[in-house]
Every structure is written in structure tokens, then in C-alpha cells.
Number of protein chains: 4
Amino acid sequence: MDSEQPTTARGSAPLRADARRNRDRIIAAAAQAFAVRGPDLPVEEIARAAGVGIGTVYRRFPDRDALIRAVAQETVRSAMAHARAAVIEEPTAWAALERFLRQSHEVRLAVRLVIDSPGARAAMEDDPEIYELRRVMLDVLDRIVHAAQAEGSLRADVGTGDVAAAFLLLVRPLIVPEADTAASALERCLGVLLDGLRASAATSLPGEALARTALEH
Amino acid sequence: MDSEQPTTARGSAPLRADARRNRDRIIAAAAQAFAVRGPDLPVEEIARAAGVGIGTVYRRFPDRDALIRAVAQETVRSAMAHARAAVIEEPTAWAALERFLRQSHEVRLAVRLVIDSPGARAAMEDDPEIYELRRVMLDVLDRIVHAAQAEGSLRADVGTGDVAAAFLLLVRPLIVPEADTAASALERCLGVLLDGLRASAATSLPGEALARTALEH
Amino acid sequence: MDSEQPTTARGSAPLRADARRNRDRIIAAAAQAFAVRGPDLPVEEIARAAGVGIGTVYRRFPDRDALIRAVAQETVRSAMAHARAAVIEEPTAWAALERFLRQSHEVRLAVRLVIDSPGARAAMEDDPEIYELRRVMLDVLDRIVHAAQAEGSLRADVGTGDVAAAFLLLVRPLIVPEADTAASALERCLGVLLDGLRASAATSLPGEALARTALEH
Amino acid sequence: MDSEQPTTARGSAPLRADARRNRDRIIAAAAQAFAVRGPDLPVEEIARAAGVGIGTVYRRFPDRDALIRAVAQETVRSAMAHARAAVIEEPTAWAALERFLRQSHEVRLAVRLVIDSPGARAAMEDDPEIYELRRVMLDVLDRIVHAAQAEGSLRADVGTGDVAAAFLLLVRPLIVPEADTAASALERCLGVLLDGLRASAATSLPGEALARTALEH
DNA sequence: AATGAATGAGCTTTCATTCAT
DNA sequence: GATGAATGAAAGCTCATTCAT
């Protein structure tokens, strides 16, 4: 489910081995770099981190935004895999939800870039693949939410959009003095949020439940 | 509580009335502009929005970072006022906490700039006034947290640092297709978080409670 | 007829004296540079030639094309003056035509850029001022052509478009080993062309007379 | 007159058949591409048009300029053939001259590249083969001019250099809104020029007749 | 003191050329 | 020998900052 053919294969001939290797390296370096320094760092930095010349980056990705989109796709792709695995493997919908929300660092970047990135916003405009990914992601979450409400574990007054929004809150890097602190702080905030999402904890919320459509284009 | 002396008074002579007016205008325009367009907009844009020449901006603030710091100070200053008012005016500590966390709108920019801005990070380095402000903010929150735990409304297994972290989560702008959606989504997320913070909702959280010191430098 | 107010005044406030001076310098340097090295030379070269920083060029002209357009306008403007003066001052329409075709070096550049530039083509697209100038230029020529045919000096089987085309032939720099040679070769070619344009020299030409409209957008 | 040895044969072994085929394809594609898109298009585009890899282009031609020179040679070579044919086949020297000047289409590119290209100028520097070709071309024209003057059809006050200059005027692409217009405008301009070159049309020209030597290096 | 013009470093992108496959 | 990937120098453009008016 991971080792498919050339990742962006879209009919174009599969890349030569070295090109493929470099492409992967670039995306990995970019993902890393975006995560650490935000989406505004010089492309040259990414090139250096990937150990390639800047020209190589531009041969593979027509411009900076294309690179961002590619990173987003690559990482969301794996986020999807995780999420679907969660649905299948976990015994309860609640557990799946918990796992979904606890998504890894990699997923964090993905979502940030795809759904939520302020800086990379423009990069996503009018990119059908991105829209598609967003839809797929919300689909998965939608299923989890409904199942969890059906089993009575998730409070009934939230919609898929609400949970997605909560997810978005958690997905941003929390900038605090110590990186370790950030990690555990996020873990704990997630815990609090989950406690707040339990059916048993529910007090009233303002407004209407947010449907998934609220976060689609 | 508003007409104190020139904010940056550092022993330097108080500004002439018109100079002071310009300074205020610039900060206001910058705050507005940062909120709308993010922290990356050109200084010249800020000048234009403030209705002054760019030279005037630079006469008042030695460089871009100084302006960012000033905006942060100004907004945090008012955040503090609100928070203290909350403590005094609200009948219960829980209500004060709720109000504190609900500060989102105005505080949002402040906190983003002071504690959380990745881009503006460097701007804050080694600025004693900023450290001071951060400390003050945590002080206020600390008091609220302890009081709320004392009155039994806030779960006992969270520390001031945890609440501050939760606050940080809420403080970021939520980027979704519709601006209105973002606002209500944040309101609702806050509701969920508050439900999760109630003593009654508590299940166990991973790790140790985060002390306020975890978020200080 | 030359020392009017700010040349591109379009409602925007008149430039400060130094800015105006630099603007003029830049246009002059650019005209010179374009004439010598074609329209593809680095903007930085122009800046250097004008004795200003590159930023100054970009402050005045949003991009390279805007600069080309400005040069074109500036020079065509003076071409117009010359042409109108020719109409008024010369005793016969033929003399005016001769003078028009004999246009100076400066005019050469102008026309090349406005009507004929292959490289700068895109720069002119959709620029209403350029269209306007082109129209005006053809207007002037149109009047001369008709008058010359009315007086019987210009052969009757050519249209304004034909004369304009001939003009275009002459307007390009003739690249030959010696610059002096180029100048006199052009003079002599013009002489031959004029001889061919006389009513008395006419043998038949292929196709229809070219109307001025053939060269308008 | 076509199947001579490899053009750049310089003592190096004749190319293998497939290599030769590639070489020809590349030159043809480059000629076409230069004609259509001007001399500034990327080498890679030429490679693509030729249906070969860019590496192959560089194996055949050490650099971009070598390719330009080769294109020039190839096209001038065929221009020469035409011109010589004109001399032989046409009944009068005037007819040969007319045909020579009308060569425009195919010759256009050649001459532009060889004698006249401002951009490709450097590419020609110090290339003995190019000098040779230029000389040959002027030789042919020289013979035509003298013959035409001997038969009394061509005005006596022009030299080979003058006619060559006129040729150069016609050889450039005429940039006008419609491509068709350009073609017929050039035809008509040629007609006018020819009328001006007739002995009968002659009025006086400025300066001295231009000898062929004026256009040699 | 205020203004806005000038500056130039820095980032994005292109493309001639080299080199691994 | 052919291919196309990688390279990096060069050019366009932006914007923080300085300085003349």
C-alpha cells in the first residue's frame, strides 16, 4: 500500500532510477524543511538539504508552488493510508478517531499544507489533485465520525467539520521554547480535546454542527 | 488604563503630540495589516495603510522587527487588561478562565506575535520587554488556573502550561474556505476544549502536568 | 513642443525633481542601450548606464516591458513632432515624405519598438497607449501619402501601408562591418526607395495597395 | 550539388550514417525553429523538434554558436546554388538580379544569421567558413550587378555593396499584425526597390557607390 | 520631522552545458 | 552513441533599509 510505482505517475514515463531517487530526496528534504522553517524558505536551501543542485529541483517541479503541492500530495497520501488503517484495525470507532487525531508528525505537515496552510494557500488554488485529496481526507474522517456517533462514544452535537477543525488546531506546530515541551503539550491538549469530544462530557456548543462541506472548497 | 506614557519610554523624552499620533497610527495599521495579510507584508504597505511615509515608520522603529515587537507589546498590553478584568469581574474562576480563553479575537494577534510566531520568532529574541510581557501573561493565567482548580471546576491534572498551550492552539487563525466558518469553528472548538477541561470530564492524560515555566524562556 | 510637463503625467502627482531626473536618465540610457544591444540586455546594464541602482529602475517601471513601452512612447512622441513639423514646414508633400522617411536615429528606435519589434512584441500587447501612438503615427503618414499622391509626386499604386512598410525596412539598424558604412548605406537605400516611389518610376506592383489599416492592430 | 561530403568535414572521419542523419535533422529543426521563434529559443526546444535528446545536439555541435553557424552555412549554401542558377538560367542580368533579390524566403534566415544577426553576431566571429561564404555570396551578386549595369538595366550609380544592403533590408522579417500582410508587403517593397534600381529611375544618390568590399569584413 | 526616492542584497526562475546511465 | 538528468551561472524582480529633499 506504500511501494506503488512512481508516485505522481500520471501517464508520463516512469522516471529514470537516479531521477526518481533525487525526486524522492527533494520531497523528503522539502517536507523536513517546511516542517522546521515554514513554507517560506528559499528553494536553494531545500536543494542543498536534498544534496542536489537547485536546477534539479526546478527540473522536477516547475516552481516553488508545484513543490509544495507535491509535498502535500505525498504526505497526505500516507495520511490517508494511516487513517484507513485506523478504521480497519481499531476495534471501536472511538479508537479510530483517537488514532486519527493522534496522527504522526508527517501527517501534521500534510494537513497543514493541504487544508490549512496560510502561506502556501495560493499554491493550492485550482489544483484538482489537491481538491481531490482534501475531499478524500474528509471522507475518511466523515466515516469515522458517523461510526463513533452511532456507537455512542462521540458527542452527537458535533459534525465532521467540527472534528476536522479540531484536527486542524492540533496539526500546527506548537512553538514553545523547548521542542520536547511542544510534543508533550500537544499530546496533552489532544487528550483534553478527546475528553471534550466524548458523549459523556457534552455541554452545549454555540451554533450548528459543522458539516464536512464547510471545509470543502 | 489607556493613556499611560509612551510605550517605549526608556528614559527618552516623551514624543511630541504629532509624533505620538503617528506612532499610534502606525502600530494600529500594522496590527490590522498583520492580522489580515500575515506577518510578511512589506513595510511600505503598512506605511501606506497608516497614511504616513515609509520614512516615518523607520524614524519611529529602527527596523521591521522593532515594529513587530511594538505591535506585540501593544496588543498584549490590552490582553492583560482584559484578563485582569476577567479575574476581578467574573464570579467564578471557571468563568474567568472561559473568558480568558475566549479572548481569542484581539489576543490572537498578540499571542501569535509574542509567543508563537515562527516567522517573527527572531524579532522577539533577546527583547526583555517581551519576556516580561510573556511572564505577566502566564502570571495572570496561573492565578486563574489555580483558582479554578481550587474551586473544583478545572480538572486537577493540568497545569498552567497546559492551559496556555490550549490557548495557543485556539489563538491561531483557522484557515478554511469561509472566514465565517473559521470564526464559528473556533468558538465550537473552544467549547469542546472547555468541556474537556472540566473536572468532571477528566480521563487520564499522558505525562506530567505542564507548569507555567515550561512556556517561559 | 518638447518641454511639456512630466511626460507620462496621467493624473499621478508630478515626480519630485530628483526622481524626474532619474526617470529621464533611465529612459535615455535605455533608449541608447536598446539601440546598441537590442531589447534583450539585462536591466542592470541599463541601470548602470543610467547611473542608478537597479531598484530605481524597478521603482519607476514595474517591469522590463514597462520600461520598453516607456521608451517607445517617449521616442515616438518626438517622432510625431518631427513628422508634423515636416508636414507644416515643407513646401511639397513629397519633401515632407522624404523627410519623414529620412527620420533620425532616435525615431528609428521608436518605430522599431512600437510597430516592429520582434523581441519586444509582447511588451506592447494590450497597451492602449501604444495602440494609440501607432494609430497617430499612421495618421500622420496617411496625410502625407494622400497629399503626395494628390500633387502627383508619389506613385498612385501604393497605399499608406506600403509606405509604412518601406519605412519599417529602413528603420532597422543595418548590421555591417563598419558603422559608418551602415549609415551611408541606409541613406543610399532610402534614395533608391524614393526613386522607386516616384510616380514617374512606377511599373506594376503585385497585389493591392496596402491600406494603413493593414498595419493597425 | 547536394550530396557532398559532411559539411564540417575538416579531415575528421565521415560520420556514420545514423549520426549523419541526426546531424541533418538537427540543422533542419534548428533552421525551422530559428525562423519561427527567433534566435533565442532554448537548445532543448531544438532537440525536441529534431526528435533527439539534447545530449545528441551537444555531441554534434560543441555549443550553441556552433549550431547557429552550421545552420547559417547550410542555408547560405543553398542560397548560393539558387543565385548561381539565376545567373545561368535567366536571359537578362536584370532578371537574374530580380530573382536574386526575390530569394527572400529561404535566404532570409541564412542572411539574417550570417551577415546581419545582432544577437548571433558573436557566433560568427572568427569563423573562416562563414567569411568564405559571405565572400562567395558577394561574388555572385557582384557578377550580377556588373552584368546588369553593362546591359544598361541597372542604374550606374550603385555598387554591389548598395544592392547587397538593399538585399539586407528585404531579408529581415517584417513584423506586422498579419503574417500574410508581411509577405505581400515585402513583395511590394521589393517591387518599389526594383523600380528605384532601374537605370531609368535614377536621380542622384548621396555619397559614393558602395563597393562589395564595404560589406566584407 | 516627514517624506518618498534610491539602494542593493536576496530569492525565484531559466537555460547553456556537462555527465551519469 | 544516444539519452536525458544534473548543474550552476545569470537575469528578473522584491523589499528592508538608508538618505536626499
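From a predicted model like this one, the values you see are computed outputs, not experimental measurements. Each chain gets a letter, A, B and so on, in the order its sequence line appears, and its residues count up from 1.
Within residues 42-53 of chain D, the residues having any heavy atom closer than 4.0 Å to DNA chain F are, in order of number, Val52(D), Gly53(D).
Across all non-hydrogen atoms, the minimal contact from Ala50(B) to Ile26(B) is CB-CA, 3.9 Å. Across all non-hydrogen atoms, the minimal contact from Ala47(A) to Ile54(A) is CB-CA, 3.8 Å. Residue Pro42(D) comes nearest to Arg64(D) through the heavy atom pair N-NH2, 4.5 Å, listed as atom of the first residue, atom of the second, then distance. Here the closest non-hydrogen pair linking Ile46(B) and Ala33(B) is CG1-CB, 4.4 Å.
For the pair Tyr58(C) and Leu67(C), the minimum side-chain heavy-atom distance is 4.5 Å or more. By the 4.5 Å heavy-atom criterion applied to side chains, Arg25(B) and Asn22(B) are counted as neighbours. Considering only heavy atoms from C-beta on, Arg21(A) stays 4.5 Å or farther from Asp24(A) through its side chain. A heavy-atom distance below 4.5 Å is not found between the side chains of Phe61(D) and Val43(D).
A distance of 12.0 Å separates CD of Gln32(B) from CZ of Arg37(B), quoted to the nearest 0.5 Å. With values rounded to the nearest 0.5 angstrom, Asp65(B) atom CG is found 6.0 Å from Arg69(B) atom CZ.
Comparing Val57(B) and Tyr58(A) by the nucleotide of DNA chain E that holds the closest heavy atom to each, the one mapping nearer the 5' end is Val57(B). Mapping Thr56(D) and Asp63(C) onto DNA chain F by nearest heavy atom places Thr56(D) closer to the 5' end of the strand. Nearest-nucleotide mapping onto DNA chain E: of Ile54(D) and Ala19(C), the residue sitting toward the 5' end is Ala19(C).
The outermost nucleotides of DNA chain F lying under 4.0 Å from heavy atoms of chain D, listed 5' to 3', are dG1(F) to dA5(F).
With a 6.0 Å radius and a threshold of 12 heavy atoms from other residues, nucleotides or ligands, Glu44(C) has its CD atom at or below the threshold.
Spacing between atom CG of Asp18(C) and atom P of dT3(E) amounts to 16 Å, rounded to whole angstrom units. Atom CZ of Arg60(C) is separated from atom C1' of dT7(E) by 13 Å (rounded to the nearest Å).
Residue Arg59(C) is classed as a base contact, given a heavy-atom separation below 4.0 Å to a base.
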Bracket notation of DNA chain E in which parentheses pair within the strand, [ ] cross earlier pairs, and | pairs with another strand (Watson-Crick or G-U, under 3.5 Å): .||||||||||||||||||||

